[in-house]
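Have a look at the structure below, then the notes.
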Amino acid sequence: MSKGVAFLEIEAKLEKFAETAEAVAGTTKKLEKVAIVGDYLQSLNDADLTRAARYFAGHQFAQNDSRTTNVGGSILSAALSEATGFSGDDLYPRYVRLGDAGEVAEEVIKAVKHNTPTITLAETESLISRLSETRGTKNKIALLSAVLHRATPLEAKYLVKLLAGDLRIGLRESLVEDAIARSFVQPLEKVSYANMLLGDIGYTAVRARAADLQDVGMRLFHPIKFMLATPAADLTDIARTMPDEFLVEDKFDGIRAQAHVSDGRVAIYSRTMDEITHRFPELVQPLLTLPTDVIIDGEVVPAKDDAILPFSGLQKRLGRKKVGTQLLIAIPVVLVAYDLLYANGRVLIDEPLSARREVLERLIPASGPLRLSIAKSFNDASQLDNEFDAARARGNEGLMIKSPASFYKPGRRGREWMKLKRAIATLDVVVTAVEVGHGKRRHLLSDYTFAVKRSVDDDELLNIGKAYSGLTDAELAELTEYFKQHTIQEFGHGRVRLVQPTVVIEVTFDRVQPSNRHKSGFALRFPRILRLRPDKLPTDIDTLDTVRKLVDPT
DNA sequence: GGTGTCTGCCCC
DNA sequence: ATTCTGC
DNA sequence: GCAGAATGGGCAGACACC
């Protein structure tokens with residue numbers, strides 16, 4: 001409880017949280033959002049401050065808490081149905097119209113109930129916690145519907161949004177940090193640094209209010225955020241951004257990993273700062289043999305000796321509770337180390353990359369299960385074409401280009417690090433089905449399923465992927481009208497439409513994989529739309545044979 | 001026991 | 001992951 | 001330049017249902 005502030009001891013209501021969220025959603029101005037959230041947070045006692053800060057950041061639990069509710073659209077809809085008497089068939093068209101499960105909940109609760117606000121943030125926390133403990137879909141539905149039964153429209157709206165995993169009010173964790181910093185008069189950098197290391201925006205808020213952020217420093221086994229790279233458009237983009245001399249490494253297609261080693265203990269963290277050590281047991285021993293305590297940044301890559309294996313193999317080791325011996329033999333992994341954030345009792349992130357690498361290179365061997373990423377110095381971006389091809393020939397994805405002067409900026413995506421990837425090809429395809437979007441795209445048919453044709457003389461269309469990204473809002477709006485007029489058949493109350501196959505688009509992707517997802521027997525990795533091709537007829541599109549030639553060996 | 005559906009601050 | 005948009 | 005929003009595919013695990 002906060003010190004000597006008795007009037008704050010009243011239990012916070014979900015209704016008030018929801019009203020505040022509505023006010024945040026009501027403006028697009030960040031400073032206004034931050035002020036609204038900040039004012040509200042100040043009015044809460046410590047326990048509720050913890051909860052509200054988490055919920056505003058869109059989290060059900062603290063980041064360092066690995067629990068999940070395993071509640072999604074299906075359970076939310078069933079619980080809402082049970083609480084209101086509306087059938088799934090009543091709810092579905094509303095979802096299509098409103099594009100947000102929370103808004104559906106608000107609308108139907110308003111229609112059938114006249115509850116007064118009773119739900120507290122404490123109860124909200126307990127509901128979420130019980131949902132994570134409850135086994136069985138039916139039990140989860142019963143638990144949730146009992147709460148929705150006595151909820152006001154606004155309470156239901158934000159309960160559902162929270163459980164759906166996204167508030168959609170134009171507020172992310174970084175703005176919550178900003179609100180905490182401003183309202184408790186602490187430097188923003190200190191707040192976000194503390195949040196990262198504490199792994200809980202809620203506890204961070206409490207510490208910020210108590211002006212107790214000074215001794216939150218980097219510690220082993222508290223992961224820090226990863227520095228990210230900006231995609232390079234082309235080589236001139238690199239040339240104009242990088243200094244005269246820059247470092248170039250292969251870009252590995254694996255899992256980004258941060259390894260902490262100290263005192264006979266090893267922990268490996270993923271980009272979302274979850275501990276993933278148990279999935280890669282073969283890396284523990286090599287890390288333990290290091291002569292000093294370290295925090296290493298690198299990539300877990302599937303590899304047999306020097307040969308890099310495809311990413312698809314590695315996926316079989318993800319999300320697994322136990323990795324069996326067979327899998328360990330079939331898909332061995334190595335940790336390719338490319339940065340060093342801590343060593344010999346010293347924090348290195350505020351030293352230039354060149355200095356960090358110097359220490360790293362003395363520490364890590366060139367080969368074996370723990371190996372060094374080779375960094376070459378270049379002064380001419382035009383030489384990167386060859387280097388790129390060489391990286392691809394080695395089984396890697398492309399190149400990373402880094403300024404040797406760059407400090408390690410946790411959580412930042414700057415231009416001091418760039419990544420170069422290249423699409424292997426593009427395909428001309430025809431749109432066969434469209435779907436409505438969500439949130440602010442709820443009025444648009446924004447999601448396109450597309451097909452190639454079976455062969456040069458067989459026009460049978462075979463779906464191969466889905467994409468939305470790449471088109472502007474204006475193009476989406478225009479296509480929405482067009483597709484409404486060229487719909488063959490509607491499904492799911494207009495959520496999905498089969499359309500006349502007339503719109504040709506050019507799509508790109510990182511690779512083609514065999515898959516059962518689509519009728520073609522293939523799927524695309526990272527599909528995106530390059531442009532509309534009004535100059536092409538549906539009969540001009542690419543064929544399954546073309547696709548086959550692009551398939552990655554797996 | 002086999003199969004299909006839903007879920008994940010999943011991983012990319 | 002990628003991409004577009006508003007600030 | 002940054003943050004936010006909305007979107008893709010594949011995988012294992014947990015369940016419901018047969």
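Throughout, protein chains are lettered first and strands after them, A, B, ... in sequence-line order, and every chain is numbered starting at 1. Please read these numbers as outputs of a predicted model, since none were measured by experiment.
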Nearest whole angstrom, please: distance from the [atom2] of [N] to the [atom1] of [X].
X	N	atom1	atom2	result
A/Ile331	B/dC11	CD1	P	18 Å
A/Glu416	D/dG1	CD	P	11 Å
A/Leu76	B/dT5	CG	C1'	16 Å
A/Arg525	D/dC11	CZ	P	11 Å
A/Gln315	B/dC10	CD	P	14 Å

For A/His443, which residues count as a ring-ring contact (aromatic ring centres under 6.0 Å, His included) partner, sequence neighbours excluded?
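With sequence neighbours excluded, A/His443 shows a ring-ring contact (aromatic ring centres under 6.0 Å, His included) to no residue whatsoever.
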First encountered from the 5' end of DNA chain D, between A/Thr137 and A/Arg172:
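Its nearest nucleotide being more 5', the pick is A/Arg172.
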With nearest nucleotides of DNA chain D determined for A/Ser515 and A/Gly439 from heavy-atom distances, which residue corresponds to the more 5′ nucleotide?
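Residue closer to the 5' terminus by nearest nucleotide: A/Gly439.
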What's the closest nucleotide to the side chain of [X] if the choices are [options]?
X	options	value
A/Lys321	D/dA14, B/dG8, D/dG8	D/dA14
A/Tyr468	C/dT3, B/dT7, D/dG10	C/dT3
A/Arg256	D/dG10, B/dC12, B/dC11	B/dC12

Have a look at [X] and say if it touches a base, only the backbone sugar-phosphate, or nothing, with a 4.0 Å heavy-atom cut-off.
X	result
A/Arg67	nothing
A/Glu173	base
A/Gly58	nothing
A/Lys419	sugar-phosphate

Go through the steps for A/Tyr448 and A/Phe483 under the test ring-ring contact (aromatic ring centres under 6.0 Å, His included), then give the verdict.
CA-CA 11 Å; A/Tyr448 304 142; A/Phe483 284 130; 5.4 Å; yes
Could you walk me through whether A/Tyr338 and A/Phe252 satisfy the ring-ring contact (aromatic ring centres under 6.0 Å, His included) test, starting with their C-alpha distance in whole Å, then the side-chain angles of each, then the deciding distance to 0.1 Å, before giving a yes or no?
CA-CA 11 Å; A/Tyr338 43 72; A/Phe252 300 95; 7.0 Å; no
Quickly, which of A/His438, A/His493, A/Arg442, A/Arg495 forms a side-chain hydrogen bond (donor to acceptor under 3.5 Å, both in side chains) with A/Tyr95? Name it, please.
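For A/Tyr95, the side-chain hydrogen bond (donor to acceptor under 3.5 Å, both in side chains) test succeeds with only one of A/His438, A/His493, A/Arg442, A/Arg495, which is A/His438.
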